S.K.: 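Can you keep this structure in mind? I'll have questions shortly.
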Amino acid sequence: MAVNGPLGRGEGLGAGVLARLALRRERAIAPWWILTIVALALVMVSYIRTNMATYELKLAYLQVIDASAFLHALGGGVVEPRLEVLATWRSGGFLYVASAFAAVLSVVRHTRREEDAGRSELVLSGTVGRHAPLTAAVLVAGGISLAGGALTAAVLIGMGLEPTGSLAYGAAIAVAGWVFGGVAAVAAQLVRNAHTATAIGLTVLAVAYVTRFAADATGQTWLTWLTPIGWSHLVRPYQEERWWVLGLSALVAAILYAVAYALLDRRDLGSGLLPERLGRASALELRGPVSLAWRLHRALLARWAVGVAAFAAVGGALSPLTRDLLSRPSVVVDNITHFLGVPMGATQLAAYSWYLILILAYAVALYPVLMTLRLRSEETSGRAETLQATPMTRLRWAGGHLLVTALGTAGLMALAGVVFGTVYSLLVGDLATDLPAFVAGALSTVPAAWCVGAVCVLAYGLLPRASVALSWLVWTLTAVLGQVVGPLYGLWGGSPAEPFHYVGNAIIGTPFALGPTAGLITTTALLAAAGLLALHHRDFGA
């Protein structure tokens with residue numbers, strides 16, 4: 001009989017077995033998170049060395065940062081004209097969030113999602129303690145964060161950066177993951193489904209990042225102490241190395257884990273401590289696969305719409321500041337001019353706005369990826385198989401999801417164009433001419449986003465067991481090889497291997513090219529059709 005409590009012998013044996021099982025499941029996911037963290041740190045160091053080789057260039061870059069509250073807040077903290085400080089300033093704001101993001105997903109995946117699928121109940125029927133699944137999830141998620149931080153430190157030391165600062169930087173990355181692993185562990189006890197637990201964890205992460213950003217943008221640095229992401233920034237690697245701040249993060253993480261264990265003892269398996277929100281007394285009639293897909297996707301689509309609109313509004317609101325920045329000669333402006341490929345003047349401001357639209361487009365390309373993964377989740381949970389007992393065939397079921405996903409992707413980019421174009425036009429442009437250009441530019445990226453999703457559909461149809469890892473890989477490679485990330489390591493203009501490479505800049509008046517757009521749409525249709533055909537012929541639930 002298993003001993004109750006996280007320290008019992010049965011509990012420890014069960015946690016070890018489940019941790020090994022979780023590691024096997026993570027082998028197709030975790031390495032990509034770790035690689036992303038390490039690669040971004042490496043790329044930033046290489047970028048600074050290549051483009052700001054002299055002290056004068058570093059100082060000029062620092063002056064540009066200090067002149068813009070927005071730019072300063074992107075990295076946060078105190079910046080110095082030194083290679084290691086500039087590199088960690090540029091990458092740290094993203095790496096801390098990436099470590100936290102991976103931890104939230106991992107903890108929820110191995111706790112609440114296992115309960116949703118009924119596997120936890122099966123596991124706990126054996127000689128496994130009640131705390132073992134949570135212990136295994138915490139160990140695995142914490143290990144992923146630790147591996148990302150440790151490998152980053154090792155790579156930076158290997159590149160010749162100062163060892164103490166590199167270790168502090170790696171530790172700051174790791175503890176960010178530990179804290180938000182604790183947040184996810186608590187969320188998994190409060191609610192009864194993985195989707196809501198993930199939403200809670202990522203919402204807390206978003207609030208933490210926005211608070212830290214606001215602290216650096218407004219100069220109210222005391223706000224940084226209110227957010228776990230801010231604590232990692234306050235470590236200040238290669239500067240003061242505040243090791244005691246790492247202890248603060250570790251302490252909060254330990255408290256969160258203790259709270260999660262306490263809450264676990266107070267709820268029934270498969271339930272949550274927070275009461276569920278009851279639905280309508282009479283549900284609306286579902287008229288077919290499209291209606292069903294809409295009911296399943298609308299909440300997530302609404303959250304995406306809020307995020308896209310907020311980013312577009314901020315991007316448009318920064319237009320006056322960007323105009324002033326581009327009017328000042330500097331190494332940053334030279335790099336922007338190199339990337340945009342346009343001369344100085346009003347056209348350059350519009351071209352820079354196109355760069356922000358592209359950032360949104362690469363982000364929105366993740367939406368069809370997630371919706372394709374939803375197909376796999378519905379299949380493995382058994383819910384999709386239940387629908388096969390009705391007149392709804394698997395192709396109609398999948399087709400409904402894909403249609404709603406395609407329209408949702410187009411709607412998100414249309415919203416981005418309307419919001420960005422309206423704010424931009426009111427501040428620095430003309431509503432009659434600029435708004436249509438922004439909407440057209442945003443919509444021109446939709447076929448490329450569809451193409452990314454279609455590759456994931458093909459992976460889901462042909463290789464369902466590997467489709468989750470392949471889908472994340474497809475989106476990651478699209479972003480890494482694309483026009484936004486590519487310039488960080490000298491790949492100006494992106495790579496022909498990713499679909500956004502074939503999207504023209506409609507905002508600066510580039511003539512519409514029917515060939516590339518038709519090619520993207522045709523490729524999308526062929527890939528999606530091949531994926532649906534494979535789904536039709538393979539075993540369902542495999």
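In this chain, residues are counted from 1 in sequence order. Since the model is a prediction, treat every value here as computed from it, not as a measurement.
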S.K.: Could you work out, with side-chain hydrogen bond (donor to acceptor under 3.5 Å, both in side chains) as the rule, every residue matching Glu162, not counting sequence neighbours?
M.R.: Thr164
S.K.: Is it the case that the side chain of Thr445 and the backbone of Ala442 share a donor-acceptor pair, with hydrogens and angles ignored and the cut-off at 3.5 Å?
M.R.: yes
S.K.: May I ask you to decide if Gly441's main-chain N or O and Ser444's side chain share a donor-acceptor pair within less than 3.5 Å?
M.R.: yes
S.K.: Taking Ala188's backbone N and O only, do any of them form a donor-acceptor pair with Arg112's side chain (distance below 3.5 Å, no angle check)?
M.R.: yes
S.K.: Taking the side chain from Ser99 and the backbone from Ile173, do they hold a donor-acceptor pair closer than 3.5 Å?
M.R.: yes
S.K.: How about Phe101 and Trp33: are their ring centroids closer than 6.0 Å?
M.R.: yes
S.K.: Please check this pair: side chain of Trp231 against backbone of Ser249, looking for a donor-acceptor N/O pair closer than 3.5 Å.
M.R.: no
S.K.: Any side-chain to backbone donor/acceptor pair from Arg267 onto Leu263? Under 3.5 Å, distance only.
M.R.: no
S.K.: Could you label the plane-to-plane angle of the Trp475 and Trp472 rings as parallel, tilted or perpendicular, counting under 30° as parallel and over 60° as perpendicular?
M.R.: perpendicular
S.K.: Could you tell me whether the side chains of Ser166 and Tyr238 share a donor-acceptor contact shorter than 3.5 Å?
M.R.: yes
S.K.: Is the ring pair Tyr367/Trp304 parallel, tilted or perpendicular, if the boundaries are 30 and 60 degrees?
M.R.: perpendicular
S.K.: Between Thr409 and Thr405 (side chain of the first, backbone of the second, donor and acceptor by atom type, cut-off under 3.5 Å), is there such a pair?
M.R.: yes
S.K.: How about CH2 on Trp243, more than 12 heavy atoms from neighbouring residues, nucleotides or ligands closer than 6.0 Å, or not?
M.R.: yes
S.K.: Check this for me: does any side-chain nitrogen of one of Arg109 and Glu26 sit under 4.0 Å from a carboxylate oxygen of the other?
M.R.: yes
S.K.: Do Arg25 and His110 touch side chain to side chain, with heavy atoms closer than 4.5 Å?
M.R.: yes
S.K.: Do you know which of Trp89, Tyr169, Tyr96 makes ring-ring contact (aromatic ring centres under 6.0 Å, His included) with His233?
M.R.: Tyr96
S.K.: Could you tell me whether a side-chain N or O of Thr372 sits under 3.5 Å from a main-chain N or O of Pro368, the two making a donor and an acceptor?
M.R.: yes
